[in-house]
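Some notes on the structure that comes next.
Numbers here are sequence positions counted from 1. Order of appearance sets the numbers: ligands from 1, and atoms from 1 within every ligand.
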Amino acid sequence: MIPNLQAYQYDGPEEFHAVVGQIMAYLGYAGGHEPLPVGAQIVLRNVAGRYILEGWFGCDEKRWHSAASLWNDAEPGQVIKNLILHWHQRCYGTPVSRWGTLTGVRPTKLVHHLRDQERDENKIMDILVSRYHVQPDTARYLITMTGLQRPYIERPDHEAALYIGIPYCPSHCLYCSFPSRLSGSELPSFMDRFIVSVVRDIQDIAALCRQYDIQIRSVYIGGGTPTCLPIAGQEAILQAVAGNFREIEEWTVEAGRPDTASEEVLALLRRYGVNRISVNPQTMQQRLLDLLGRWHRVEDVFDMFSRCRKMGFSVINMDFIAGLPEQTQADMQENMEIVCQLHPENVTIHTLALKKRAPLFHHPLRQQIPPAREVSSMLQSCEDVLKDHGYIPYYMYRQKYMAGSFANVGYAQRGTISRYNIQMMEERQTILSAGPGSTTKFLSRDGHSLKKIYMPKDPEAYVQALSERIRQRRHLCAMIYGGDDT
Ligand code: SF4
């Protein structure tokens, strides 16, 4: 059995530190700077031009050791990962992860890179299974999903997506690590300055789009809970988007908390052209909603859903979380029964990721988080029910802060795939972003690397830094769309 919470030590060239760190974090080890017992040691030495890798696992009285020589391999990082994973499995007899040595958050990105070079899906399957030790079922899943995504990522160079981040919420949910501020506790005078800044941010992006002929096809206003802003502020932001970008095909607003999505708010969204809305119950049991500090009733979700239907949003998404404290398999079953009854176009199933910034991290309810095997069976039953009811998995990303090999998966009924979600995950298109905590990602002309501008997360710091960040964004945009981005 693998002991809990141990650190690893690495001794070797700095250039491989990140590779070793990734696979060790994946195996559940903390970095050597943490005050924890050392449960593994990795040493990489260059002996006469050839690397020798050694690994020790376990504690002093029962240490397991192996060593291997790395020949002139074109991918030493991958070989190092494979060896460490293989040794760890031999030492502890752990089952092989379905993801093999794919340690990244976005395994589909690698599959898209393979697809860029190779059309034959059988060959891609071979590479995933033999080089990366991905289990055949998982490899097939990734190949099918990337096949669905392909038409969305092969778009003209001058298309981009727009993201707007609004870091306010009506209350803070226990499990959430997002640094949102409470909308009710903000001074009206600051809220006005905040809205003016977001509008200025959007207008500056619009000016760049006009100057460099960039078309925005998808817009996502997220957070946070954008629908908790004062209604005049919401209208100013919607106006700035609708008035400046004429080619929007998909426009999503996260109305994650049903208690914020009044008839007036929903009508406003529709009036400006929002056509995709995210209603996020997370779970549909009142006892769990109360525990989590979400100030709404189960009935509010039903009411909001029927208001959204009545108002004609073409796509409704519902988010659920598997693995909440005190959540059971029966609760998740009930959630999926409700989904089948309401039949939203999109459903996103997240797994709870316990992060240090979340209040739950230091809360006694942390002990009530269901074990990994239960979460795994919740996820499997969600997938089975959703597939039986015509939903297809179309984007995914893996969880970093979880035991188990879990992923967050977006499902869609045919013809309702969200192009923004694919662009955001696969990073094959520029994403221009406004608002605190948002990241503009310019896709370089090589089509693969990204150049980024980060907005400060704190709203006051954002308002202060906006002019400087706008200047940096214009500079990067001119380099990439107007000339030399080397
Ligand atoms: S889960 Fe959503 S609504 Fe709750 S605090 Fe986090 S961002 Fe806000």
Give the residue, atom name and distance (to 0.1 Å) of the protein heavy atom nearest atom 1 (S) of ligand 1.
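Scanning the protein heavy atoms, the shortest distance from atom 1 (S) of ligand 1 goes to Y175 OH, 3.4 Å.
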N244 side-chain N/O to A240 backbone N/O, donor-acceptor pair under 3.5 Å
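Yes; at least one donor-acceptor contact below 3.5 Å.
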Residues R297, D300: salt bridge by 4.0 Å N-O rule
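So R297 does not pair with D300 through a salt bridge.
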If you count the non-hydrogen atoms of other residues, nucleotides and ligands that lie under 6.0 Å from CD in E264, is the total more than 12?
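At most 12 heavy atoms, drawn from other residues, nucleotides or ligands, come within 6.0 Å of this atom.
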State yes or no: are the ring centers of Y391 and H343 separated by less than 6.0 Å?
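Here the rings of H343 and Y391 have centres that are less than 6.0 Å from each other.
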Let's test this: below 2.8 Å, count the protein N/O/S atoms around atom 4 (Fe) of ligand 1.
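Under the 2.8 Å cut-off, the count stands at 1.
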Geometric cation-pi criterion, R398 with F406: 6.0 Å, 45°:
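No, cation not above the ring by the 6.0 Å, 45° rule.
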Using 30° and 60° as the class boundaries, would you call the ring planes of Y397 and H350 parallel, tilted or perpendicular?
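Ring orientation of Y397 relative to H350: perpendicular.
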Which atoms of ligand 1 are found less than 4.0 Å from any heavy atom of G224?
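Answer, ordered by atom number: 7 (S).
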Starting from the C-alpha separation in whole Å, work towards a yes-or-no answer on ring-ring contact (aromatic ring centres under 6.0 Å, His included) for H158 and Y481.
CA-CA 9 Å; H158 276 242; Y481 286 92; 5.3 Å; yes
